[in-house]
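A short write-up of the structure that comes next.
Order of the sequence lines sets the chain letters (A, B, ...), proteins ahead of strands, with each chain counted from 1.
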Amino acid sequence: MSENGTNGDKVTLTAKDYRTDQEVRWCPGCGDYAILAAMQSFMPELGIERERTVFISGIGCAARFPYYMNTYGMHSIHGRAPAIATGLAVTRPDLSVWVATGDGDALSIGGNHLIHALRRNVNLKILLFNNRIYGLTKGQYSPTSELGKVTKSTPMGSLDWPFNPLSLAIGAEATFVARAIDTDKAGMTAVLRAAAEHRGSAFVEIFQNCPIFNDDAFTFVRDDKEGVNRIPLRNGEPITWGAGGEKALRQRSDGSIEICAASEDGVLVHDAHHEGAALAFALSRVTQDSHGGTPVGVFRDVERPVYDDLMAGQLAAATEKLGEGDLSALLHSGETWNIA
Amino acid sequence: MSENGTNGDKVTLTAKDYRTDQEVRWCPGCGDYAILAAMQSFMPELGIERERTVFISGIGCAARFPYYMNTYGMHSIHGRAPAIATGLAVTRPDLSVWVATGDGDALSIGGNHLIHALRRNVNLKILLFNNRIYGLTKGQYSPTSELGKVTKSTPMGSLDWPFNPLSLAIGAEATFVARAIDTDKAGMTAVLRAAAEHRGSAFVEIFQNCPIFNDDAFTFVRDDKEGVNRIPLRNGEPITWGAGGEKALRQRSDGSIEICAASEDGVLVHDAHHEGAALAFALSRVTQDSHGGTPVGVFRDVERPVYDDLMAGQLAAATEKLGEGDLSALLHSGETWNIA
Amino acid sequence: MAKPVEQLSQVIVRFAGDSGDGMQLTGSQFTSETALLGNDISTLPDFPAEIRAPAGSLPGVSGFQLHFADFDILTPGDAPNVLVAMNPAALKTNIRDLQKGGTLIVNSDAFNERNLQKAGYAANPLEDDSLAEFQVHSVPLTSLTVGALKGIEGVTPREAERSKNMFALGLMSWLYGRPIEPSIEFLQTKFAKRPEIAEANVKALQAGNAFGETTETFAVTYEVKPAKMAPGLYRNITGNQALSLGLVAASRLSKLPLFLGAYPITPASAILEELAGYKNFGVRTFQAEDEIAAAGAAVGAAFGGSLGVTTSAGPGIVLKAETIGLAIMLELPLVICDIQRAGPSTGMPTKPEQGDLLMVLFGRNSESPVPVVAARSPSDCFDAAIEACRIALKYRTPVYLLSDAYLANGSEPWLLPEMDALPDISTRFATEPNADGEFLPYLRDEKTLARPWAVPGTPGLEHRIGGLEKADRTGNISYDPDNHDLMTRLRAQKVAGIATDIPELEVDDPDGDAHVLVLGWGGTYGPIAAACRRVRNGGRKVAHAQLRHLNPFPRNTGEVLRRYDKVLVPEMNLGQLLKLVRAEFLVDAVGYNRVSGLPLRAAEVADAIEALVDQ
Amino acid sequence: MAKPVEQLSQVIVRFAGDSGDGMQLTGSQFTSETALLGNDISTLPDFPAEIRAPAGSLPGVSGFQLHFADFDILTPGDAPNVLVAMNPAALKTNIRDLQKGGTLIVNSDAFNERNLQKAGYAANPLEDDSLAEFQVHSVPLTSLTVGALKGIEGVTPREAERSKNMFALGLMSWLYGRPIEPSIEFLQTKFAKRPEIAEANVKALQAGNAFGETTETFAVTYEVKPAKMAPGLYRNITGNQALSLGLVAASRLSKLPLFLGAYPITPASAILEELAGYKNFGVRTFQAEDEIAAAGAAVGAAFGGSLGVTTSAGPGIVLKAETIGLAIMLELPLVICDIQRAGPSTGMPTKPEQGDLLMVLFGRNSESPVPVVAARSPSDCFDAAIEACRIALKYRTPVYLLSDAYLANGSEPWLLPEMDALPDISTRFATEPNADGEFLPYLRDEKTLARPWAVPGTPGLEHRIGGLEKADRTGNISYDPDNHDLMTRLRAQKVAGIATDIPELEVDDPDGDAHVLVLGWGGTYGPIAAACRRVRNGGRKVAHAQLRHLNPFPRNTGEVLRRYDKVLVPEMNLGQLLKLVRAEFLVDAVGYNRVSGLPLRAAEVADAIEALVDQ
Ligand SMILES: Cc1ncc(C[n+]2csc(CCOP(=O)(O)OP(=O)(O)O)c2C)c(N)n1
Ligand SMILES: Cc1ncc(C[n+]2csc(CCOP(=O)(O)OP(=O)(O)O)c2C)c(N)n1
Ligand code: SF4
Ligand code: SF4
Ligand SMILES: [Mg+2]
Ligand SMILES: [Mg+2]
């Protein structure tokens with residue numbers, strides 16, 4: 001896309017334009033590099049000037065993201081990015097506001113801000129880099145770590161049942177929920193595009209490998225050449241997968257989802273726009289452990305009034321009704337009296 | 001139930017024994033009175049000594065609850081009761097720990113502690129007094145207030161899409177989720193009983209009327225003499241309701257739930273113990289607005305390892321393996337050398 | 001025959017009754033009537049703690065005190081000389097404050113068994129001599145009201161009874177020669193939708209008024225002449241209203257949209273509620289999920305170019321600390337309003353205190369300097385709010401604005417400012433690179449040391465900021481030891497430098513030869529000034545200075561302190577400003593400290609001053 | 001022929017290399033070898049900031065400094081006299097610290113194009129004269145190592161190369177006559193699972209050792225005689241280890257189970273990780289969702305009768321403030337460990353600072369007094385932890401324990417305490433009504449003013465506590481003005497009274513006739529004591545006192561301060577203790593303040609002292 005160059009005439013942006021002069025400080029092999037690359041090459045197609053794009057993050061390896069995007073950005077404090085971004089988005093509807101966060105940042109300390117941003121449907125694109133570990137603090141378990149995980153802080157294994165980020169988001173009334181994989185550039189780009197097009201809060205979980213403290217957490221889908229583990233969600237299409245697309249998903253009468261052969265009937269046809277959240281929730285419960293497959297793509301994408309728009313609407317309505325506020329009149333309102 | 005009286009022999013407890021000498025300070029007609037009465041008369045049947053029962057609350061009208069229960073109690077700070085109760089429950093598995101909280105206390109400032117307590121499945125009974133308003137601070141909207149609600153802080157109507165407390169809890173991996181109504185003593189008692197019997201986190205939403213700041217929020221189910229609005233959930237039984245029990249619930253293939261005639265087939269048979277969360281979630285989406293009926297009772301009640309038990313288990317296992325820790329040996333561990 | 005009129009210079013009236021008795025309305029109506037007569041006034045409502053307690057109970061008592069006089073007054077008064085008690089509980093909780101020989105008007109109808117017992121009275125005080133030292137007027141307000149309203153269409157007995165507060169107002173208006181017309185108008189508009197209720201209230205008001213005239217119990221009426229006040233247009237205003245208006249004004253004066261991030265909390269909620277009504281002023285109010293989010297959203301809004309504000313009270317302010325620390329690192333403008341209440345922890349939510357001074361100064365990890373401004377009176381909250389915004393915007397820094405529960409709910413006449421007398425606090429965004437072609441977000445203004453404010457949407461100035469230490473000028477992450485030492489000192493100098501940009505500390509020392517200086521800050525201005533008056537009337541000399549800027553201090557503060565032999569620092573805490581001035585100026589100042597959840601009383605402060613003067 | 005041996009009294013060695021080069025391991029092994037020789041030692045690791053930066057980059061450099069001597073030493077030393085640099089980046093970032101004439105050992109193999117450019121070297125410093133002022137030993141460590149490991153079964157070239165740090169260790173061990181046997185043992189156990197790797201490392205170690213003996217580059221070896229230290233059993237320990245062990249000990253000494261609520265944060269995480277390993281000591285570690293929950297859970301555990309502890313660093317400590325305020329109201333024991341790091345905000349997470357003193361004292365709404373204890377050295381963290389727990393339990397109050405990133409990661413020999421020399425800090429729960437048949441939860445112990453601790457499960461003592469102000473004795477909610485004033489003062493007196501229960505401030509003033517006192521607190525003990533030594537060696541007189549208790553101060557503090565003409569307060573902040581002593585004792589103390597994210601250097605403090613002495 002294009003913006004005005006210093007010399008006034010249009011220049012076309014490329015991924016390179018989104019790089020900063022800051023040395024990227026992630027460990028060799030970190031999944032964050034792939035996410036950054038995908039984002040930088042996706043950005044130009046967004047059609048938004050760099051100066052109208054903002055990345056807000058909390059603290060964590062993931063949260064270093066803004067330093068490497070040549071847009072406006074804030075590397076804030078742990079867990080608070082959704083709240084800070086809300087203030088920005090609500091006051092500046094002209095901006096494209098993105099939140100880069102980690103599983104600890106978003107789901108541990110920042111859990112409350114996340115679920116409230118989602119229910120309000122503030123116009124934010126929230127990217128959760130899920131490596132199922134605390135990377136920056138060198139390897140303690142996170143709210144997405146599997147039960148019994150042995151880490152620095154849990155020598156005998158963790159005791160906390162993990163969150164399913166997508167289930168949590170859907171339970172928090174999210175209007176857009178998706179999942180992508182760090183190394184799957186095409187898939188991630190498609191998800192980012194859908195998220196950007198969705199007006200309101202978009203929540204994207206990105207499986208991200210942390211080779212240092214939690215290597216191979218997602219190998220089953222990252223290196224899934226034959227597609228035996230990835231269940232691609234394509235809107236309007238039957239949900240099938242497997243080397244030869246032989247497996248499929250079907251809904252049981254108890255609301256849960258079972259595996260069947262693609263040939264059987266009752267195969268679920270994916271409808272991300274379905275207004276009810278029940279099916280998206282059921283899909284979010286389909287995991288590698290429970291079903292031997294992991295859905296990837298857009299789970300839910302529905303329209304609902306956007307907090308920022310509603311607020312702008314009230315301001316407009318009030319001004320419409322009462323006229324542009326007059327300070328003097330305001331101060332002089334109420335009962336007044338004169339002293340000569 | 002009974003405990004040792006001062007004179008050593010058994011005395012039987014009654015509701016009266018759970019009253020304190022503190023003057024109850026809720027507004028006349030507040031739904032909290034009914035909840036207190038129900039709790040006080042339920043307690044004796046629990047079979048737990050008063051001194052082994054603890055109520056922990058945050059701040060709010062609801063949070064005054066502990067002052068009126070003659071057990072151990074703490075009226076803590078806004079939103080933090082689940083965290084504080086977690087520390088108590090984890091260190092004192094011998095206690096019966098209850099959390100009394102409001103919709104603001106639990107879902108606004110305390111949202112993060114709530115969802116984490118639920119996913120950990122700490123052995124807590126969490127009672128959410130939902131009056132869909134901030135009572136104590138005199139009437140601002142809350143996270144459960146309906147969109148567009150006109151309150152002190154929202155003269156033109158609120159902009160936030162509300163949480164569905166049950167959907168949020170289920171999305172947060174809750175193992176026990178139920179709903180009760182302040183004035184429905186029998187129903188509430190049944191729910192309290194089930195919650196008490198459930199080992200792990202039990203989440204109970206109680207519709208509570210605030211006559212002062214949000215009167216009649218739940219009149220449709222509170223005064224539902226004919227049962228045209230309440231959908232009673234009875235485990236193992238078909239989900240039917242209506243004056244003559246003519247209405248029923250059925251699951252659509254898209255995972256959502258529709259109304260049908262009780263006579264039709266495919267009527268849902270309630271299974272609170274179903275391991276998968278999908279159906280309970282779907283049921284939580286059945287509301288007065290969407291379906292003209294409101295399910296009441298136990299939505300979900302499944303078993304999962306309890307955080308406190310797991311921790312106790314690790315301590316036991318470690319002691320088993322390494323023996324009761326020896327301080328002197330610990331201090332002298334590692335490389336040591338002697339200076340003569 | 002009209003009754004004799006007695007001249008009074010000042011009166012302190014307190015209306016007390018059950019939460020349901022409408023005492024706040026009665027009080028504020030009496031206030032309006034009084035204001036219109038040109039008296040100077042000062043009011044103080046005293047709410048029951050938080051939620052409604054059962055009718056007739058002690059915790060359920062609600063009060064409203066009004067001080068009016070023919071001279072300029074400074075406080076709502078220590079002890080009322082007139083008490084109107086609508087029930088036994090109200091009598092029980094308020095009688096201890098009534099001046100000996102003061103006038104007591106009670107609603108005798110309410111003194112029945114049940115109410116007496118609820119109030120913990122063994123015997124009916126109206127029937128024993130326990131009230132002997134007061135002039136007791138025992139009036140059956142309820143029955144008189146019900147009687148007066150007989151026959152009004154569609155008014156239930158319950159509703160009729162509810163009008164008894166208007167009967168009381170009518171009576172009091174008569175007693176002090178206040179015109180009841182404004183109240184009649186008020187009632188007619190308030191109950192426009194239910195004319196019969198309006199009629200009932202008006203009738204009750206008039207009946208009360210007539211009752212005074214006709215009954216024997218009152219021999220005389222009183223008159224309080226207008227006060228000589230600066231000429232101009234006045235309005236009665238509470239601190240929270242004034243603070244809200246100040247923020248709206250600051251938004252206009254800075255040409256920046258106002259964004260308020262807040263979470264409800266006593267006694268700050270009213271600011272959120274007030275500002276929520278100014279949407280046509282472009283004011284955005286965001287009721288956040290908690291105080292952390294409220295502050296965070298304000299920071300986000302500030303990053304985007306709004307005037308970011310967040311309001312709360314102690315328990316919420318303390319939660320914002322980490323976020324304020326971020327704002328200090330980001331060097332973005334932000335105003336944090338702390339409406340102080342009694343603590344620690346939840347404490348006594350509706351009661352005032354000055355306990356948060358050290359917290360706002362030091363309550364963040366590491367060296368994180370912030371300017372602090374404190375309002376001195378309800379109407380002063382307007383100017384204080386503008387001043388806080390001015391400093392925040394000019395120096396790109398968070399600023400704490402301190403008020404308290406007393407200023408917040410108390411009211412006084414406010415001489416409305418001339419529009420063009422209001423300061424221009426507009427600021428400029430960065431629009432161009434500032435270092436030959438490059439943009440350095442931490443390249444500071446030489447004079448103010450403020451960094452450029454480049455808001456998203458500005459082409460060519462894209463940059464990233466964050467909470468990690470940053471290199472001087474470039475703002476890049478830096479762990480260089482010397483740079484950190486430099487940046488730490490630069491942040492401190494920036495704030496310290498504001499001393500050159502604020503007025504000097506003014507001293508009220510009429511003859512300039514006092515030996516004792518009383519140094520106060522913020523909301524204690526009224527009681528301290530009133531105390532100094534008493535002391536001077538008693539023939540002693542005392543000087544008074546009231547700090548508005550707590551950080552940095554006015555540049556002449558040390559010089560002022562050293563000018564006096566003795567310095568007394570009265571505070572509604574255990575000596576927080578005292579610690580600061582002793583540390584900074586090494587003066588052996590002493591404190592007068594009372595932490596009772598009540599505003600300081602002029603009398604107690606006067607005693608403390610006199611003791612020191614006579615020492 | 002063995003090379004000549006030169007006697008040295010002390011040596012400061014720094015190992016520096018890429019994060020991947022294993023410098024921490026090399027350093028700690030060299031430390032163990034040295035400890036066994038009976039030298040006194042002090043170490044300081046210097047981690048790269050937070051996450052791994054790209055190999056060979058400047059931010060990726062990791063260092064480990066060891067100071068060993070034949071006398072008792074106090075710090076890791078200011079400037080190393082030996083620097084081992086494994087790559088250009090390590091050289092670039094560390095050379096500035098190396099003493100003029102110091103020994104520099106570099107891995108010449110690593111000085112290739114790519115690395116030089118990554119480190120920002122235009123030219124190869126080994127080839128120009130930029131290192132002229134040092135004794136440079138350019139050794140091809142990598143190739144020598146790879147060569148030495150040829151032919152070991154199953155060791156990849158990559159793995160062989162990785163052993164070069166052991167080659168360096170072997171060389172250094174030879175140079176300073178350290179025995180390598182302990183390291184050989186260590187390697188064999190560490191790599192027990194992969195014997196070929198163990199062999200490789202051992203071979204490399206031995207090769208390095210032999211290399212020193214045979215090569216020409218080193219003409220002499222050095223010897224540092226054992227230090228005269230108090231006799232007894234020693235162990236090398238870091239501050240975070242010592243603090244963890246102190247908490248476990250306190251649990252045992254108080255006979256209460258230990259509960260730790262924590263959320264990971266640099267540099268405090270190690271305490272959570274350490275304590276998680278002591279489950280057989282009944283230690284419960286809870287990794288909470290955030291710091292608020294961590295503190296809250298600790299309060300809940302304390303309510304239930306556990307020894308409740310919560311640990312964090314600045315950005316997390318500040319979040320706990322509201323909860324600590326609650327604990328102050330509840331008057332429950334609680335220990336909050338603040339491992340201070342450079343700020344404000346996120347600041348420089350791995351760097352030490354003393355910036356949180358005023359925050360822990362005042363960073364809560366309203367008057368909320370807390371005792372504060374600070375550790376002075378890595379091993380002292382053990383005693384400080386026990387002392388903090390003692391005060392918390394005896395006085396039923398939250399207590400802050402202050403450490404910092406330098407103490408936390410630094411290590412020193414620790415003379416292991418005799419078990420029976422450890423204090424008995426057991427406390428008693430209330431088991432009986434305390435007011436004829438009734439239980440009053442706020443009826444205080446006359447001496448300590450502590451309230452009874454009645455834990456759930458105790459029949460007959462059921463009670464409710466909370467954050468609202470409470471009536472004296474009964475603990476019922478109270479809004480009574482006088483009661484609030486009383487309770488506010490009681491809470492303050494309880495903490496102030498602890499002054500009678502802590503040792504007096506000790507002064508190190510050898511001849512008792514110094515005119516200048518240096519007053520420090522916490523982690524600056526080492527540098528200040530070392531500085532005083534230098535000053536005295538230079539023939540000047542100076543006294544030194546180091547505060548362990550920051551609130552209340554030892555009862556003789558004022559008297560001590562007034563004994564000296566001049567008081568210097570060195571701090572790793574802008575003067576926080578300075579403010580406190582000036583305010584409390586009105587002494588015109590001056591500060592020496594350096595906020596660089598590094599421990600103070602003995603030299604800079606010595607200069608400051610001398611300047612003051614000579615003034
Ligand atoms: C208030 C606060 N608490 C704790 C920390 C320490 N901290 C920094 S990042 C982090 C968690 C990082 O995990 P995650 O969010 O998953 O990001 P990742 O590093 O894995 O990408 C923690 C606990 C902090 N910086 N601030
Ligand atoms: C940290 C903090 N923030 C805000 C408040 C003010 N406050 C007290 S209760 C409450 C909300 C009450 O609403 P809810 O939890 O629904 O309880 P209810 O009164 O409706 O029963 C608020 C905002 C507080 N006490 N502490
Ligand atoms: S620690 Fe893990 S998440 Fe962090 S940068 Fe390194 S590899 Fe990536
Ligand atoms: S305000 Fe509402 S919720 Fe609170 S006590 Fe009154 S009626 Fe109950
Ligand atoms: Mg992570
Ligand atoms: Mg509520």
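Counting heavy-atom pairs closer than 4.5 Å to chain B, the top-ranked of the candidates Q241(D), M329(D), E322(D) is E322(D). Between chain B and the residues P456(D), G460(D), P257(D), the most heavy-atom pairs under 4.5 angstrom are made by P456(D). Highest contact tally toward chain B, considering only V299(D), I237(D), L415(D), L245(D), is held by L245(D) [criterion: heavy-atom pairs under 4.5 Å]. For the set I77(B), L322(B), T319(B), the count of heavy-atom pairs under 4.5 angstrom toward chain D peaks at I77(B). Top candidate by heavy-atom pairs under 4.5 Å with chain B, chosen from G38(D), A35(D), S32(D), is A35(D). Between chain D and the residues H113(B), R80(B), R52(B), the largest count of heavy-atom pairs under 4.5 Å involves H113(B). Here G73(B) is the residue among A83(B), G334(B), G73(B) with the most heavy-atom pairs under 4.5 Å with chain D. Of all the listed residues (N70(B), V54(B), L95(B)), the one sharing the greatest number of non-hydrogen pairs under 4.5 Å with chain D is N70(B).
With hydrogens and angles ignored, the 3.5 Å screen pairs a side-chain donor or acceptor of R284(D) with a backbone N or O of V90(B). Side-chain N or O atoms of N280(D) include none that pairs as donor or acceptor with a backbone N or O of A318(B) at under 3.5 Å. In terms of modelled atom types and a separation under 3.5 Å, the side chain of R252(D) and the main chain of G325(B) share a donor-acceptor contact.
Heavy atoms of F55(B) lying under 4.5 Å from chain D are absent altogether. Both the backbone and the side chain of T458(D) come within contact range of chain B, each with at least one heavy atom under 4.5 Å from a heavy atom of that chain. Both the backbone and the side chain of V455(D) come within contact range of chain B, with heavy atoms under 4.5 Å apart. Proximity to chain B (any heavy atom under 4.5 Å) is shown, for F186(D), by neither the backbone nor the side chain. Contacts of F259(D) with chain B are made by side-chain atoms alone, with heavy-atom separations under 4.5 Å and no backbone atom involved. Proximity to chain B is absent for every atom of A294(D), based on heavy atoms less than 4.5 angstrom apart. Residue A298(D): no heavy atom, backbone or side chain, is found under 4.5 Å from chain B. In this structure, chain B has a heavy atom under 4.5 Å from the side chain of L416(D), while its backbone stays farther away. Within the 4.5 angstrom heavy-atom criterion, atoms from both the backbone and the side chain of P413(D) approach chain B. Neither the backbone nor the side chain of S251(D) comes within contact range of chain B; no heavy atom of the residue lies under 4.5 Å from a heavy atom of that chain. For a residue to count as touching a neighbouring chain, one of its non-hydrogen atoms must lie under 4.5 Å from one of that chain's; by this rule S333(B) touches chain D with backbone and side chain alike.
Contact of the K228(D) side chain with the I339(B) side chain is not registered, since no non-hydrogen atoms from C-beta on lie closer than 4.5 Å. In this structure, the side chains of R92(B) and S306(D) stay at 4.5 Å or more apart for every pair of heavy atoms. Side-chain contact between I292(D) and N112(B) is absent, with no heavy atoms from C-beta onward closer than 4.5 Å. In this structure, E335(B) and T31(D) have side chains that are not in contact, with every pair of non-hydrogen atoms separated by 4.5 Å or more.
Using the six-membered ring where Trp is involved, Y72(B) and F303(D) have ring planes that are perpendicular, over 60° apart on the 30 and 60° scheme.
In the displayed structure, R199(B) atom CZ is contacted under 6.0 Å by more than 12 heavy atoms of other residues, nucleotides or ligands. Few gaps surround CD on E324(B); more than 12 heavy atoms of other groups in view lie less than 6.0 Å from it.
Here the CG-CE distance, from L327(B) to M419(D), works out to 5.0 Å after rounding to the nearest 0.5 Å. Between atom CG of residue L256(D) and atom OG1 of residue T91(B) there is a gap of 11.5 Å, rounded to the nearest 0.5 Å. Here L330(D) contributes atom CG and I84(B) contributes atom CD1; the two are 7.5 Å apart, rounded to the nearest 0.5 Å. Atom CZ of F281(D) sits about 6.5 Å away from atom CG of D326(B), to the nearest 0.5 Å. Note: L331(B) CG to E418(D) CD = 11.0 Å, rounded to the nearest 0.5 Å. We find the CZ-CD distance between R50(B) and E462(D) to be 4.5 Å, quoted to the nearest 0.5 Å.
In plain terms, the two heavy atoms of G232(D) and N338(B) that are nearest each other are O-OD1, 3.0 Å. Taking all atoms of both residues into account, the shortest heavy-atom contact from M74(B) to L326(D) is SD-CD2, 4.5 Å. Closest approach of W337(B) and L36(D) over heavy atoms only: CB-CD2, 3.7 Å. Here the closest heavy-atom approach between residue P231(D) and residue A340(B) is recorded as CB-C, 3.4 Å. Contact record, L88(B) with G300(D): CD1-O, 3.5 Å, taken as the closest heavy-atom pair.
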Between F286(D) and V122(B), does a side chain to side chain contact (heavy atoms under 4.5 Å, CB included) hold up when you go through it step by step? CA-CA 12 Å; F286(D) 171 63; V122(B) 181; over 6 Å; no

Could you go through the side chain to side chain contact (heavy atoms under 4.5 Å, CB included) check for R464(D) and Q22(B) one step at a time? CA-CA 10 Å; R464(D) 277 69 47 193; Q22(B) 301 298 302; 5.6 Å; no

Test log, rule side chain to side chain contact (heavy atoms under 4.5 Å, CB included), inputs E289(D) and R120(B): CA-CA 11 Å; E289(D) 57 269 28; R120(B) 289 189 187 110; 2.9 Å; yes

Might you work through the side chain to side chain contact (heavy atoms under 4.5 Å, CB included) test for R64(B) and L468(D), ending with a clear yes or no? CA-CA 11 Å; R64(B) 292 300 182 94; L468(D) 288 164; 3.9 Å; yes

